[in-house]
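The block underneath contains the structure these notes are about, expressed in structure tokens.
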Amino acid sequence: MDTHHPNNRFCNLGKFRIVRFVVRQFVGAIKMHVLDVGEMAQLFVKSFKLVAIFATACVVLEVIFPAYRYSFASYIRGARNWIIRIGCGTLIWHLYAIGLIWLGVKPLVTINFGALLHSNNAIINTVLAVLSGVLVAIAGDFFYYWMHRAQHAVPFLWRLHATHHSIRELTAWNCNHHISEPFVYAAFVALPLALIHFESGVVPIAAMTLITFQAHLSHSSTRFNLGPLRYLIGDNKFHRIHHSTELHHRHKNYGFFTTVWDTIFRTAYWPKMSEWPEVGMRDQPEPLTVRDFIMFPFDQRRWRKTKAGSGTGGIETGGLNAVKRDGPVHSDRSSAI
């Protein structure tokens, strides 16, 4: 065939235009259905509103009932990191939801606590609705508990998670995880919960609201805590042990929402009334810049001779000697009250 014939050139040009048209339509479909910027923007705004409201509410408690006073810069740094993390998380969770739809993932089992716990009495029904929501959170926290233990045992997962544990000025605002951790949550928590689905009968936004508040309270540097209720729901006093620099606090208090699984699997440590340990990592400085925050797990200077572990012992050897460079963990940036 003579490819130089004018008719052949027009034919090839027509094919090229058809291919280009198809590609444009395909890219347009991806942008519309996968990268739905409008939907992601709405999710970002809603998520940041919840963080801002509850983190600020906990800050009020930190001011009124302080356990430690930290620098104002740490609150600003925390807000900045939240914006970055929520922005990245919005994209990751959006793609995760689209992926479940494309793959046709559906629950293999559905456990409906809302249907099991029901009464015709309005007051009793309200109590049972709250209880069903708590039971759903406890059941879901089973997967978080084991994911969290894996994060402290597997070196690669520990690198990602250590970003969170390196924070020395831990407050309701300054308690960020690394931007990559939604991938870990999706694989080890969200996917199992998509296959084993728990229903509470409670409006999902109400459940998410309570969990968001509890997440900020558990990292808050305030002496206000849940008291005896911590034997069911984790609070700041219980969770601070998990971030402690003290050696006898290692490998303790992994649960996120509840303390039940720590109790069952014998990793619970119940702090004494006056026990408010310092937090952070002995040989790793808290990331202060945006670059440090994003690159923390991938900075080879930090991880040359390190091993997986807890907030205290995960970086006991090698890496940057933060004690020499930044002073001891109990620095003048924070003071116990």
Do the non-hydrogen side-chain atoms of [X] and [Y] ever get within less than 4.5 Å of each other?
{"X": "T163", "Y": "E181", "value": "no"}
{"X": "N176", "Y": "I84", "value": "no"}
{"X": "V260", "Y": "L232", "value": "yes"}
{"X": "L160", "Y": "Q151", "value": "no"}
{"X": "I76", "Y": "W173", "value": "no"}

Taking everything shown except [X] itself, do over 12 heavy atoms lie less than 6.0 Å from its [atom1]?
{"X": "F183", "atom1": "CZ", "result": "no"}
{"X": "F156", "atom1": "CZ", "result": "no"}
{"X": "I64", "atom1": "CD1", "result": "yes"}

Answer yes when D235 and K237 have at least one side-chain N-carboxylate O distance shorter than 4.0 Å, and no when they do not.
->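 A salt bridge is absent here (no side-chain N lies under 4.0 Å from a carboxylate O).
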
Could you give the distance from CG (L170) to NE2 (H239), rounded to the nearest 0.5 Å?
->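 Reported to 0.5 Å precision, the distance equals 7.0 Å.
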
Can you check whether Y254 and W261 have ring centres sitting under 6.0 Å from each other?
->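 No, they do not, as the ring centres are separated by 6.0 Å or more.
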
Is the H178-H161 ring centre distance short of 6.0 angstrom?
->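 Not under 6.0 Å, so no.
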
Just checking, is any N or O donor in the side chain of E169 or S71 under 3.5 Å from an acceptor N or O on the other one?
->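 Yes, a side-chain donor-acceptor pair sits under 3.5 Å.
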
Rest of the hydrophobic cluster containing Y269 (Ile/Leu/Val/Met/Phe/Trp/Tyr, side-chain heavy atoms under 4.5 Å)?
->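 Taking Ile, Leu, Val, Met, Phe, Trp and Tyr as members, Y269 shares its hydrophobic cluster with I241.
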
Under the side-chain contact (heavy atoms from CB on, under 4.5 Å) rule, what do F257 and V134 come out as? Steps first, then yes or no, please.
-> CA-CA 9 Å; F257 178 78; V134 171; 4.2 Å; yes

Option from R168, H164, H249 for which side-chain hydrogen bond (donor to acceptor under 3.5 Å, both in side chains) with H243 holds |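 The single option meeting the side-chain hydrogen bond (donor to acceptor under 3.5 Å, both in side chains) with H243 is H164.
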
Identified side-chain hydrogen bond (donor to acceptor under 3.5 Å, both in side chains) partner of H165 from the options Q284, H177, H152 |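 One option only clears the test, and that one is H152.
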
Once the angle between the rings of Y144 and F256 is folded into 0 to 90°, is it parallel (under 30°), tilted (30 to 60°) or perpendicular (over 60°)?
->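 Tilted.
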
Would you call the rings of F238 and W270 parallel, tilted or perpendicular, where under 30° means parallel and over 60° means perpendicular?
->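 Geometry flag for W270 against F238: tilted rings.
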
For the pair V59 and T171, evaluate side-chain contact (heavy atoms from CB on, under 4.5 Å) and give the outcome as yes or no after the intermediate values.
-> CA-CA 8 Å; V59 168; T171 66; 5.9 Å; no

What's the shortest heavy-atom distance between P285 and S166, and which atoms?
->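 Heavy-atom minimum between the residues: O-CB, 4.1 Å.
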
Which residues satisfy the side-chain contact (heavy atoms from CB on, under 4.5 Å) test with T289, sequence neighbours excluded?
->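 Counting only residues at least two positions away or on another chain, T289 forms a side-chain contact (heavy atoms from CB on, under 4.5 Å) with R291, D292.
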
Within the side chain of N236, is there an N or O that forms a donor-acceptor pair under 3.5 Å with the backbone of T222?
->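 Checking the backbone N and O of T222 against the side chain of N236, a donor-acceptor pair under 3.5 Å is found.
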
